[in-house]
Amino acid sequence: MPNESLEFAIGRLPYASEIFGTYRPMVGWASKRKRDRIISDGLNSLAPFLRDLLPLYATGNVYSGPIEDRSVTRFDIGRLAGLTLPKIAPADDGTFMVPALQAVVVERLGDRPAPKTADEWRGVVNEDTVRQAYGNTDQGAVGAWVKWSRGVPEQFPLLPGESTFQHNRRLNELIYAVLDRESRLAAALIDLAKSGATDALSSLLLTLAPDPVTVEAQIAALQKRLSDPFLEIDPRDGLHGVSVSPLGIVHYFRQYFFELDTFLGPAVGHVWLTPGTTVELVESSTRRTLVETTTESLQELTQASERSDRTQEELGEAIKQENRSDTKLGFSTTVNQSWPSGDMSATGSINVDTTQQEARESTYKRMREQSEKLSTQIRTSYKTTFRTVTETTDVSSKRYVLSNPSPTDLQNYEMRRKMRRVAVQVQDIGTYLCWETFVDDPGRELGLANLVHIAKEPTVTPLPNPALIPNPERKSGVDFDIKAIWHGSDNRRYPTQPEGIGLGFNKIPVDVPDGYRIDLAPGQVVKLECLAARGEGDFGSYLYLAKYIGGNDIDVILAWGGGGLRWTHTVNLDLRGAITLVPTDQRLADIAAANKKTLDKADQAAAAAQAKAQEEAFYTAAQERIELASAIRKRKFEDLREEERTVVYRALIRELMAGWYDLGATSDKQRHVFATVLNAIFDVDRMLYFVAPEWWKPRQSSSLDVGGNGKYSIGPDKTVAWSDTQARKDNYLITGKSEPARLGSSLGWLLQLDGDDMRNRFLNAPWVRAVMPVRPGKEEAAIAWLTRAEVEGTEGLNLTYAAQPGEAEEITQGLAAAGQAASDPPTIGDAIRYLCLRVSEKHQESTSERLFPDRDGIDDGDKVWATPIDKVYEHGFYPLERSFRASPVEAPTDGKSRNFQIMAQWTEILPTDQVVPVVVRYNPITGRQIPPEE
């Protein structure tokens, strides 16, 4: 747009602004912390061929006790395992055995040359040396394992819903799996020596930990590669030769919004009025959408949620809201600013102008894309309805009265949308030196919400008592009849039994019902009644006895004295007796067995009913928990971000106070001093953190625990799905009434029930990049603090800086002008000191007042006194001669300073909610609109 077209707007003040920062990390200085990481990453790594060998071996360690409370009774190297492949712990974190054996080999060799032949290696690596390297709880690989195992509980805290028993079992499985891996590795190393694998042993055991001289040589070689590090990166070495500098640069920009003018846009409606008529027109603009959702659960619990959506027609406020919700921006809750991490392309140059140009380009691109995208959304978000009735449900209705006073002509009205033209300018407002670090697994220190939900006890209707077989009753006084005969003879018959003279044949059966027996002991007698005695003599008056002899048999006895009885006549006797019958033992046992069988069936039925009720209660509780967990209201955005910032703050302060933070002797007064000094050097409130996406290091899968203690499972018969029959470990559960699943559910993320999507990203992030700006003017103090041995150290600062063409002279001359000497060629330390000078000088300029606009051809009376940063608020809008200026090095045409320039300008067209009726005329022949008369 030509400059003269905006001359009318000169001097208009901005109605809104937004600060925007672009952070540029630098690939360069390999500090002490970076050096330690480079060396440690390659020291204990496990060779791939060893990983292939490990499954062939079994551990030699001996344990006692269950896995959750296990102890080692003997440490020993492993052995060949045969066909059974053991469970191998992952070796991604390296091994303790190889460094321990390296130390033993170095000790055994002494001043002798390294072994070359198979026999020489067998003399150095054998069972004795491997056992020495394997060690015990105080030394060797086992000693290193003991120290490592003490920190495992802190690295793997208690999971949500996990009991202490389950937690201990999980930790012990990991800890002892690693120990078993070391035991197997020891056996594999012995076999390598026995088989004469000289090349493998040389690659494993002769690459020793570097001494300080070697370390300096490695760092120097690394620094030389940084002239163009991205061309020198070798992915095959695990990127061990690349280091990200602990220093970075953030360039601040401010986006200003100016109201230029308004105009009428295209027609959005048309009204025809007949002669002499008047019409009342009501415009209803819907700006608020109310969505009410009612959820009714089985417990007749009604939940209602209300959400209001407000369409933004204000460009500045819309951009602020998008910046706040963009996950690629760093978060700062105390400072109104936004930093994009998507533009954090690392640079190998410490030159301020180079990084500033790159920042301008990326910032301009993002701002244009952002404002254009939002403007398009605003243009298409309006819906206006014209009605011929006065009834409306919208409080933002507008009423128009249109009339046609002409008695003969038809009057046409076009309803045109009122449009706004907004100018956007972007100004460079400052540059800050920053210190950065990484916080691994930041979500580990955040607590998670546990939903309290008590499942209802299952209600089971008691089963009716089963019909049991009663025991037969005891029968007393049961009569029985017996016929007996006295056979007369000339001989005297003497008593054959103690009770008297026996009659019959010793066994006379008595009719006893099945299942009963006579309740008499063998030898017992009962009295018999003589009903009739047919024959000679007075036999009817004698005493008769029935003697029980077992089974159902009795013997009839005539009670008589010892002298016997001689009676020559035959007498037929009808006798009757009474006995008691009781159930037989077999009958009682059969009844008891039948009743037990009946009771067992009843118990099984009751247990089945109880189990079914408990299973149904579990599924009901699981549904309730899924629905309740999905419907939990999220916590406030600001509170969640502040908690995350606190976690990151802890790590940063621990890094900055590394030498004193964890010392118990440090008093609170000393901490007060440290806090005051640190806050004076670093702008702690402006600290931002950038969350790394989970895909860089996927975490262990997690899922919602719906209870059941593993007794019940919600299998395919209880769920409905479009399944591909694959076993997907990250499947999750929903119900017909649950809210949509949270972000990360399909990925197996660890989710916080009352957290938002950003909290879930934070919980599952492998690391966050934390950036701490240095306060303006404190750059040298910050470098002095960081170069202390306990923080970043001074390693690498005396190495040659890989300068771009012309940079070496600029650094040397700039330091000389400030009274500081520089090496020839400049070192990394020289480049950093010059960077601090440039940043400090720019800050000093930002606080000095002068007349603006600072360009020629403008009278001083048309200028205002202001600082470079506040000039827009004092003078107002001033059009640029072009839309974008990328390089800060080129001579400015709109001012005398290269700093704090307005570096971009464009305009946006925004619709409003106002509609204006405009009278129009049309040619009745051509149908085209007749231009209005001037």
Distance from [X] atom [atom1] to [Y] atom [atom2], nearest 0.5 Å?
X: Phe165; Y: Arg170; atom1: CZ; atom2: CZ; value: 13.5 Å
X: Ile591; Y: Asn471; atom1: CD1; atom2: CG; value: 5.0 Å
X: Asp180; Y: Asn61; atom1: CG; atom2: CG; value: 5.5 Å
X: Ile77; Y: Ile190; atom1: CD1; atom2: CD1; value: 3.5 Å
X: Ile632; Y: Arg742; atom1: CD1; atom2: CZ; value: 7.0 Å
X: Ile626; Y: Leu451; atom1: CD1; atom2: CG; value: 11.5 Å

Of the non-hydrogen atoms in [X] and [Y], which two are nearest, and what is the gap between them?
X: Pro466; Y: Thr598; answer: CB-CG2, 3.5 Å
X: Pro766; Y: Ala692; answer: CD-O, 3.5 Å
X: Gly551; Y: Ile518; answer: O-CD1, 4.1 Å
X: Phe438; Y: Glu436; answer: CE1-OE2, 4.1 Å
X: Pro442; Y: Ala765; answer: CD-O, 3.5 Å
X: Leu743; Y: Leu751; answer: O-CD2, 3.3 Å

**Report entry** Steps toward side-chain contact (heavy atoms from CB on, under 4.5 Å) verdict (Arg769, Tyr689)
**Finding:** CA-CA 5 Å; Arg769 181 199 298 262; Tyr689 60 93; over 6 Å; no
Query raised in the report: Would Arg131 and Asp76 satisfy salt bridge (Lys or Arg N to Asp or Glu O under 4.0 Å), going step by step from the backbone distance to the final call?
Result: CA-CA 8 Å; Arg131 287 188 180 278; Asp76 201 354; 2.5 Å; yes
I'd like to check [X] versus [Y] (side-chain heavy atoms, cut-off strictly below 4.5 Å). Are they in contact?
X: Met758; Y: Leu640; result: no
X: Tyr63; Y: Arg74; result: no
X: Val478; Y: Tyr516; result: no
X: Val771; Y: Met687; result: no
X: Leu446; Y: Arg759; result: yes
X: Val142; Y: Glu182; result: no
X: Phe762; Y: Val768; result: yes
X: Pro472; Y: Arg587; result: yes

Does [X] use its side chain to pair, donor to acceptor, with the backbone of [Y] at less than 3.5 Å?
X: Ser183; Y: Gly60; result: yes
X: Asn760; Y: Gln752; result: yes
X: Trp145; Y: Ile175; result: yes
X: Thr620; Y: Glu616; result: yes
X: Asn136; Y: Gln139; result: yes

Report task. For Trp749 and Asp730, run side-chain contact (heavy atoms from CB on, under 4.5 Å): C-alpha distance rounded to whole Å, both residues' side-chain angles, the deciding distance at 0.1 Å, then the answer. Result -> CA-CA 9 Å; Trp749 279 9; Asp730 294 327; over 6 Å; no
Requested in this report: Walk me through it: do Val178 and Trp148 pass the test side-chain contact (heavy atoms from CB on, under 4.5 Å)?
Outcome: CA-CA 10 Å; Val178 171; Trp148 167 80; 3.6 Å; yes
For [X] and [Y], which I'm curious about, is there any donor-acceptor pair between the side chains at under 3.5 Å?
X: Ser64; Y: Thr73; value: no
X: Asp600; Y: Gln604; value: no
X: Asn168; Y: Gln166; value: no
X: Glu627; Y: Ser738; value: no

Requested in this report: State whether the number of non-hydrogen atoms from other residues, nucleotides or ligands found under 6.0 Å of Lys596 atom NZ is greater than 12.
Outcome: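 At most 12 heavy atoms, drawn from other residues, nucleotides or ligands, come within 6.0 Å of this atom.
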**Report entry** NZ/NE/NH1/NH2 to OD/OE distance under 4.0 Å, Asp519 and Lys475
**Finding:**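 No salt bridge links Asp519 with Lys475.
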Query - NZ/NE/NH1/NH2 to OD/OE distance under 4.0 Å, Glu643 and Arg635 - result: yes
Report task. Could you please spell out the steps behind the side-chain contact (heavy atoms from CB on, under 4.5 Å) verdict for Leu448 and Leu750? Result -> CA-CA 10 Å; Leu448 300 179; Leu750 177 67; 3.7 Å; yes
**Report entry** Between Tyr134 and Phe75, ring centroids under 6.0 Å
**Finding:**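 No.
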Query raised in the report: Asp756 and salt bridge (charged side-chain N to carboxylate O under 4.0 Å, His left out): which partner among Arg761, Lys636, Arg641, Arg633?
Result: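 With Asp756 as partner, salt bridge (charged side-chain N to carboxylate O under 4.0 Å, His left out) holds for just one option, Arg641.
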